[in-house]
Amino acid sequence: MDCQAEVNCGLHLVIQASSLPEKNKVEFKLNKETPSFPGRLLQHDLERNYSSRQGDHINLVSSSMPSFPILQRSSEEKILYSDRLTLERQKLTVCPIIDGEEHLRLLNFQHNFITRIQNISNLQRLIFLDLYDNQIEEISGLSTLRSLRVLLLGKNRIKKISNLENLKSLDVLDLHGNQITKIENVNHLCDLRVLNLARNLLSHVDNLNGLDSLTELNLRHNQITFVRDVDNLPCLQRLFLSFNNISTFESVCCLADATSLSDITFDGNPIAQESWYKHTVLQNMTQLRQLDTKRVTEEERRMASVVAKKEEEKKRESHKQSLLKEKKRLTINNVARKWDLQQHRITNIATNQDRKDSDSQDHCQNDGSTISAFPEETGSLDSGLTSALQGLSVTDTHLVEVDGDTLSLYGSGALECLDRNWSVQTAGMVTTVSFTFIEFDEIVQVLPKLRIKFPNSLHLKFKETNLVTLQQFNALAQLRRVDQLTVDPQGNPVVNFTLWKYYVLFRLSHFNMQKINGTEVTQNDMIMAERLFGILAHVASSELPQYHLISILGDARKKQFRYLLETKGKKPGIVNEENNDSKRLVGESTNRATLNYTTRDFYNEKLEEIKEKKKFCKIYIEDLVKEATEINMKNEALQKLWPQMFIELVRDAVMEIRNKNSYMKLCLQQITDQK
Amino acid sequence: MLSPERLALPDYEYLAQRHVLTYMEDAVCQLLENKEDISQYGIARFFTEYFNSVCQGTHILFREFSFIQATPHNRASFLRAFWRCFRTVGKNGDLLTMREYHCLLQLLCPDFPLELTQKAARIVLMDDAMDCLMSFSDFLFAFQIQFYYSEFLESVAAIYQDLLSGKNPNTVIVPTSSSGQHRQRPTSGEASMLEGVEAPLFYQCLENLCDRHKYSCPPPALVKEVLSNVQRLTFYGFLVALSKHHINQALGALPDKGDLMHDPALDEELERLLLPFFRLAQIPGLVNSVTAGPEASCLPRTPPRVGSPWRPLHHARKVDAESDGSTEETDESET
């Protein structure tokens, strides 16, 4: 019955227990050989039970002290196996007193019920002490064993590493299967080569400095979340961290500096489930030769570095993106708040909404100073090659953004961007224009510019633009073409009207719109629109007096020409659609052309201008009336007086002619007088 | 020197003269506004067209509110134009809010004030739940009296308030001696207990108002009729009754309720406008579902008739009242 245990750390222990019937022979040799087995074997051997079937005969004589038995061996045994003693499976509950065995070098107490290490202080030559599978709760009673090299305390109930101060020669310390929560009091063990703390209650690893010879550290089956100090172990080659609680590489980052490490295991940890696990480990620990008991190939290493680089790139890119997004969000919040203030919506009541707004506004204010207004150079606008977001102009009062085919404008200041020079490519790609937090009346003024600068814009979106009357839609007629219209109910009360869609379809019928607010426009809708408002158009065109028609249309054309001449014409005018757009429905378009929209301000301006003229007209007419009434009065007076006058005339004449002779004389005299 | 003679003119002549002046001034103002365009057009032609349009009632289209409000004729023309343009909306059966009606008004007059529309809505809704939906005919008739008699209604409101609070406004003014005694009756106690005011007393106040009012007011006979039916009534009750009570004939602007949706000439015009759409939608199912209206037909049965541009308001009304509506052919030619 030979059992062999090989301690793979430069020590080669061979324990032989031969089963001589009466004698207890325990031999062991000390060999210093280079190990040829992987360390795993050692653990395996140590962790499992010795399949010792020996039944060593030990004479245990009860001593005078009732609790401690005294061990005695026959002198033959003593001579044969002078340096080893095996007392396994002896149902010992205490360590017996061992007399007269002072040159004992190996002591085996495996598989007993010993609760305290006692009565071995005299064995000062002890090199190998095996207390595996007992009930020891505390490391003690070892202070005299200065030669001890191997201490096996696995599968006990030890809660704390302590009282190892004098064991400076310790080579192997096995504390697996205990209840140890902390690594401590091992810093003086500068010869320690193997430390086994598997199956304990460790939550973290540190305090390893001073273990200058440590080659193997077994920490399997603990609760470790982070590892430190491993880079202070100059000789560590193998580190087993399987079945712990490590989830990020940052928590074991010291391993990157542990240049002596060649073999590491992480299986059974959360980190091993991550998609980036292998690459990250290989990338950070280039010194590794084996990972999770598999060799690391050159190919894997290369892949790891490639992937790591890509990840770095992605991270940088996404960081940039998120920065940009954050900037955008802050700006939009700022614009929104300004808009709300303008609309007199914000009150002092701290509703949740307002609190959120004020929070973001404070945030804005903190960052507002850092967001600098930077007008982009025209050159950079040409990088429409990347489909990534382009934040073109970000100040804290407005935001202009071109994202592929959408031009988004936030805040009334954004309308100025239409004055900028846009590359043909960028401008040509824009099919959707979105307006938010801008007064519709202000948008109306720039619609001609929009038409010129972005000729392909077919879809208009309005949100929070204060669309309140149907009339305002008349202004959209001046664009070249609109395929889709989206009017967000938020901030646009006009959507609450029952007829708004039909009115839009009617007024902009020459556009042949496809969609309004996402729903397709059907033929029925068009018919209904015409049915509802067709007569309005008819009245507006055919029943309008000609001069009025001319004045509306003619005026508009004049103003349009004037605008085109001045490129930066900010003059808000009554603007009309071009009649040469849709040839098929030319009749209908002029039919509606008189339905215009002038912004309230301009309308009032016009009325003011007319006041002078009105005054003049009034005075002029009054003068005319005065004249006419004067004449009329005179006429009436004459009418009244005339009969009398006539009668007198007749009477005078009759009286004159009564006497023919005297009348003849009178006439002659008158004639001579005249000469 | 001229003034006393002016005052001696009979009232109707004086009134007529004033309105003529309004139109004259406006005509000259329009002329000045569009000098360049009209100078090519011809001034004589301009004046012809202008006064033609005044007669037809199309002169108020797209004009500013101050002009529309200036004369009773303008107001009536505006009402009529509004009716003609948006009759189709009413025929469709949509119920709209006050704001939406206001939008429609603004389509014809950009600076139409919201207060007037609100007041009209209050009549329909009896001053309750101002967001309610209203039918086209209800709104139109209420709007009619509100707009046409707006100053009168203001005075009536004032009188009503006075009566409610117990003050008898007639005691303040110097009335003719005979009617003075009747109005001394104390009414304060009773008025505050019950809703509204006593109809007879109210009527007397109104009668007085009509007598001395500068602005147009409903024919007193009509007012008497309205007030004779009830003992007590509230302000809005009075207005609602007034709006429903054949006041149309007095105004001459709108047809009666029964005929409100009926306008054959414009209907034919509408069919003509819809023709291109029907030609496009040759899908039988589609066409059927759309043309389910009472009088609509895919093709006009009679050749489209160009509506006579010269229909004076009163004449049209008479014609409607007399026949079933298909009377355009029997119209006598207007001058």
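Reminder, nothing fancy here: chain letters follow the sequence lines and each chain counts from 1. Side-chain atoms are counted along with the backbone in the values below, which use heavy atoms only and exclude waters and symmetry mates.
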Distance col, row B/E33:CD vs A/E609:CD, nearest 0.5 angstrom, shows 8.0 Å
Bottom line for A/Y620: the part with an atom under 4.5 Å from chain B's heavy atoms is side chain
Judged by atom type as modelled, is there a donor-acceptor pair below 3.5 Å linking the side chain of B/E100 to the main-chain atoms of A/L499? yes
Let me confirm one number: the CG-CD distance from B/L21 to A/E622, rounded to the nearest 0.5 Å. 8.0 Å
Non-hydrogen atoms of chain A under 4.5 Å away: do they reach the side chain of B/S53, the backbone, both or neither? side chain
Chain B heavy atoms under 4.5 Å from A/V468: which part of the residue, side chain, backbone, both or neither? backbone
Side chains of A/I535 and B/F86 in contact at under 4.5 Å (non-hydrogen atoms): no
If you look only at distance, which donor and acceptor atoms sit under 3.5 Å apart when one is on a side chain in residues 25-32 of chain B and the other is two or more places apart or in another chain?
from, atom 1, to, atom 2, distance (Å)
B/D26, OD1, B/R63, NH2, 2.8
B/D26, OD2, B/Y50, OH, 2.5
B/D26, OD2, B/R63, NH1, 3.0

Among all residues two or more places apart in sequence or in another chain, which pass the ring pair (Phe, Tyr, Trp, His ring centres under 6.0 Å) test with B/F143? B/F112, B/F139, B/F147
Should the heavy atoms of other residues, nucleotides or ligands under 6.0 Å from CZ of B/R87 be counted, would the total exceed 12? yes
How far apart are the closest heavy atoms of B/D111 and A/R600, and which atoms are they? CA-NH2, 4.1 Å
Counting only heavy atoms not in B/D131, do more than 12 sit closer than 6.0 Å to its CG atom? no
Can you tell me which of A/T522, A/V539, A/T498, A/T469 forms the most heavy-atom pairs within a distance under 4.5 Å of chain B? A/T498
Taken to the nearest 0.5 Å, the spacing of B/E64 CD from A/I610 CD1 works out to 6.0 Å
Contact origin within A/Y603 toward chain B - heavy atom pairs under 4.5 Å: side chain
Does atom CD1 of B/I43 have more than 12 heavy-atom neighbours from other groups under 6.0 Å away? no
Could you give the distance from CZ (A/R507) to CG (B/L107), rounded to the nearest 0.5 Å? 10.0 Å
Does a side-chain heavy-atom distance below 4.5 Å link B/L104 with A/F533? yes
Heavy atoms of other groups near A/K618 NZ, more than 12 under 6.0 Å: no
